[in-house]
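For reference, the structure discussed in these notes is given below.
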Amino acid sequence: MTPRLRMLGVKKSFGATHALRNVNLDVSPGEVHALIGENGAGKSTLMKILSGAYTPDAGKIELDGREFTSTNPWHARRSGIAMIYQELNLAPHLTVEENILLGDEPATFGWIHRSQRRQMAREALAELRHENIPLSAPVRSRPIAEQQVVEIARALVGKSKILIMDEPTSSLTEVDTKNLFAVIARLRERGVSIIYISHFLEECKQVSDRYTVLRDGESVGTGEMASADLHDIIRLMVGREIKDIYPRTPHRLGKPVLELRAVAGETKPRCVDLLLREGEILGIAGLVGAGRTETLRACFGLDRLRSGSVWVDSREQTHRTPKQRLREGIGLLSENRKEEGLMLNRTLAENLTITRHGPIAKFGVISNRRQNQVTMDWMQRLDVRARGPTQQISELSGGNQQKVAFGRLLHHNARVLLLDEPTRGVDVGSKVQIYQLMGQLAAEGKAIVFVSSYLAELLGVCDTIGVMCRGVLSEIRPVSEWTEHSIISVAIGHTEAQNSR
Amino acid sequence: MKNRSADSPDRTTKIRTLLNVLGPFLGLAFVIGLFSLSNEVRPYFLTGANFKIILIQTVIVATSALGMTMIIVSGGIDLSAGSMVALTSVASATLLVKGYSPSAAVVLTVLAGGCLGLVNGIAIAGFRMMPFIVTLGMMGIARGTAKWLAGNQTVNPPETPINNIMGLVDPIHLFPLPPGVWITIGLAVLMAVVMRQTIFGRYIFAIGSNESTARLCGIRVRLQKLIIYAVAGSFFGLAGLMQLSRLTQGDPTAAIGLELDIIAAVVIGGASLSGGAGSILGSMIGALIMAVLRNGSNQMGWPTYMQEIIIGVVIILAVGLDRLRQRRNNI
């Protein structure tokens, strides 16, 4: 059988840096192919070549046995290659129906046939078994998981032969992820080839038929997923063996530092009680939209509290601004690096030091020398790879950006760290470093709230875990009393009583 | 490891920063060079006397640009600057007519500008309204008030030392420059330090770059904006004084469209209208480029409509070059 897509010896360099040295990739029709690699391994460059944004310097690309040179994104899409980016590419104000057929509207001389369009959109959604999504709702009013389905439906309508999915589950919960896998299975039956890019190896293993590992711009290994050992894949990815993905530093719990009592926000959360002690890593699991992010935001003073109280060091400190929280030693790491976490067009040093200028300024005047020295120290401690303290943050890779955002909390010397999805969009190597860091911080007596949609890491890193469901945080229990299964059942609202019945 | 970190990894960044700083200078040199090409114009254009005139013509835009740079870097915009210059110049003329001492008039005028800016700030930060709309409204309010205050004609104050701020003593040589030029240079240096090296300045960049991050990092965004618009307003007030000094009368119809010249100067100087980027030095060079263009076109005997077209093209070119530069940076 001719492969749907074949890439042979593809090379691409930018100036002196070789983004791709030698990439070979074979994808058959109806195959789900996992593309695995750390951040910076060349995955995004490879995708940009397929989608027509870049032209390769050397090598051959064949689509259904015919040579394929894509010159621009439009041409790639016409050739049947569709991309689903990590940040979804939808027009938020347009309706579901309009989005699905955006660019492919059934029309005569620019006049859109509305009923036909509605029909086509409905069929596409039905094919994905998501008829429940309302066609005339503005897409921004739908949850992320549905938005993603809309995007996949768009690829279906475009008669795509190859669907490239970049970290499709990074903002999905376990349940939505399962639904997505069902959709992928249906696409596979239709003969659509899927290139599946993800940092979650377990997921890749679950969903894909074959895999290719990229490292430093080279394809270093490929094989059948069914017979593959995850440890071997990890070894291929990093070129060394990571023995322990969830390193634990022993630490002891001390006195309470932060307590939420029946905290409720304007809409979410509805009722949250939690007690955080020195040296504790408290995990919060839950579905997207359960109110985890909102809990952290309300606690930090970013959102208004409707009722309930917040206690810091056993004193009531309920209504506070972020500035006051920071002064109390509480820091928040945003789940959304690009939109909230970082000032992208400013320098690394500025981003790192913005909450605390004490060590680098006198009478409000900043010393560049000291600022750069302080930044350099953090860069070394956190293993941030950048040209220097004055490099613009947008030029850094996701993992390095996250380390800078993390570094801001460390520079601030926060003793309570509210971490919202700290490992999202971060490569395996950096993830392990972040887990390690969390362990060290806990050992120093700092307290951490760790919100994550990735159960394995919660179970691997936390001392205690609570699960949120519809704005309510369940009883917090030691990690040893939880399993992935029990977390999920609480998250989707299956109470224990129902289970035991 | 240690010694490597001292300079080399940062060199590319430094060269880039240098290029960003040099950009506007190259533009200025290019514009001056262009007008010097003509053999007929050069003897008049490239003289101390002419550059004195250029500097004097720059001062009002440059002083206002000090405030506008802060506003634009913080992600805002102020369309009322021109009207505020007119209003404050009429106000100070009226004060002088009413018999106030010149120093009292100076203080009150700058304060008046600050208050107008504060009103903008309250609407923008306090009521979370769009800067574009608020200052568009203020543009009309300030212009109307100026005409009302002046009784729809010019206000002619008595001869005072204020007229010397922009006075043209010894028109043949570059020096001595009038005090207004020195005041602007002094304030520009001060503001450059404030923007680059102080926590206050850093907060301005932070808000413009990403307001959510600024909030997350405990910056009091609304208070900061209030201060930014109020301080900018006092710069516009100062520019109004200079306007009065230059015309020796308060004219409520002066400085129409000045805000666009100011914004253009700031943007030519490398600021981004989406905030988070810009510099005082750049804005000052931008203001000079505009003045040189006007002056040079006059010397060449080009009609005013030509000047308008040329300045329009230059603004688009400057911003276009900036986009190119950024795209290269972001690969």
Side-chain angles (χ1 to χ4, degrees), chain A residues 14-15 17 19 297 300-302 321-327 330-334 336-348 350-351 353-358 360-361 363-368 371-373 376-377 379-380 385-395 405 408 412, chain B residues 1-18 20 73 75 190 193-224 270-272 274-278 322 325-331:
Chain A
F14 301 100
T17 46
R297 292 178 66 89
F300 189 64
L302 277 170
T321 62
K323 189 181 180 67
Q324 290 167 320
R325 287 289 182 230
L326 282 164
R327 206 174 289 151
I330 300 173
L332 175 75
L333 183 79
S334 170
N336 199 333
R337 269 201 302 278
K338 291 209 168 97
E339 273 159 39
E340 185 172 50
L342 293 169
M343 302 172 279
L344 286 177
N345 67 351
R346 304 307 304 169
T347 65
L348 205 159
E350 276 175 73
N351 270 289
T353 58
I354 189 78
T355 60
R356 180 165 162 255
H357 289 104
I360 63 167
F363 307 115
V365 179
I366 292 160
S367 147
N368 284 342
Q371 164 195 294
N372 292 348
Q373 194 53 54
M376 210 90 81
D377 288 347
M379 283 167 65
Q380 239 160 44
R385 313 231 174 114
R387 280 200 306 273
T390 54
Q391 191 178 1
Q392 197 169 306
I393 202 92
S394 60
E395 298 173 358
R408 181 195 292 150
H412 187 76
Chain B
M1 270 322 265
K2 220 85 230 233
N3 52 9
R4 191 185 65 119
S5 57
D7 50 67
S8 63
D10 230 4
R11 193 178 297 151
T12 333
T13 322
K14 273 190 185 136
I15 291 170
R16 226 171 247 179
T17 326
L18 199 67
N20 283 352
V73 166
L190 177 75
V193 173
V194 166
M195 292 290 280
R196 284 175 58 88
Q197 293 308 139
T198 67
I199 296 175
F200 178 78
R202 193 152 282 193
Y203 284 178
I204 297 177
F205 279 99
I207 291 172
S209 177
N210 191 337
E211 203 172 314
S212 313
T213 312
R215 219 160 99 75
L216 183 80
C217 293
I219 297 171
R220 280 176 289 193
V221 175
R222 295 161 88 182
L223 177 68
Q224 185 86 14
S272 150
S274 47
D322 195 55
R325 209 165 52 201
Q326 289 196 355
R327 198 181 312 162
R328 219 186 32 225
N329 284 0
N330 282 343
I331 275 193

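Below, chain A is the first sequence line, B the second, and so on; all start at residue 1. Bear in mind the structure is a predicted one, so any value in this text is a computation, not a measurement. The basis for the numbers below is simple: all heavy atoms, side chains too, and nothing from hydrogens, waters or symmetry mates.
Contact tally against chain B (heavy-atom pairs below 4.5 Å) for A:G341, A:G301, A:A405: the top residue is A:G341. The greatest number of non-hydrogen atom pairs below 4.5 Å with chain A, out of B:I219, B:V193, B:T198, is found for B:T198.
Other residues, nucleotides and ligands contribute at most 12 non-hydrogen atoms within 6.0 Å of the CZ atom of B:R220. Within a 6.0 Å radius of CD in A:Q324, more than 12 heavy atoms belonging to other residues, nucleotides or ligands are found.
Considering CG of A:L332 and CZ of B:R215, their distance stands at 11.0 Å, rounded to 0.5 Å. Put simply, CZ on A:R346 and CZ on B:F205 are 5.0 Å apart, with the number rounded to the nearest 0.5 Å.
Without hydrogens or angle criteria, B:R202 side chain to A:I354 main chain gives no donor-acceptor distance under 3.5 Å.
With sequence neighbours left out, the side-chain contact (heavy atoms from CB on, under 4.5 Å) criterion links B:S212 to A:E340, B:N210.
Of the atoms belonging to A:F363, not a single heavy atom falls under 4.5 Å from chain B. Using a 4.5 Å cut-off between heavy atoms, A:N368 touches chain B through backbone and side chain atoms alike. Of the atoms belonging to A:T347, not a single heavy atom falls under 4.5 Å from chain B. For a residue to count as touching a neighbouring chain, one of its non-hydrogen atoms must lie under 4.5 Å from one of that chain's; by this rule A:Q371 touches chain B with the side chain only.
The side-chain heavy atoms of B:T213 and A:R408, taken from C-beta on, include a pair separated by under 4.5 Å.
Heavy-atom minimum distance, A:N345 versus B:G275: ND2-O, 3.6 Å. Closest heavy-atom contact between A:M343 and B:S209: CB-OG, 3.2 Å. Contact detail for B:L216 and A:L326: the closest heavy-atom pair is O-CD1, 3.9 Å.
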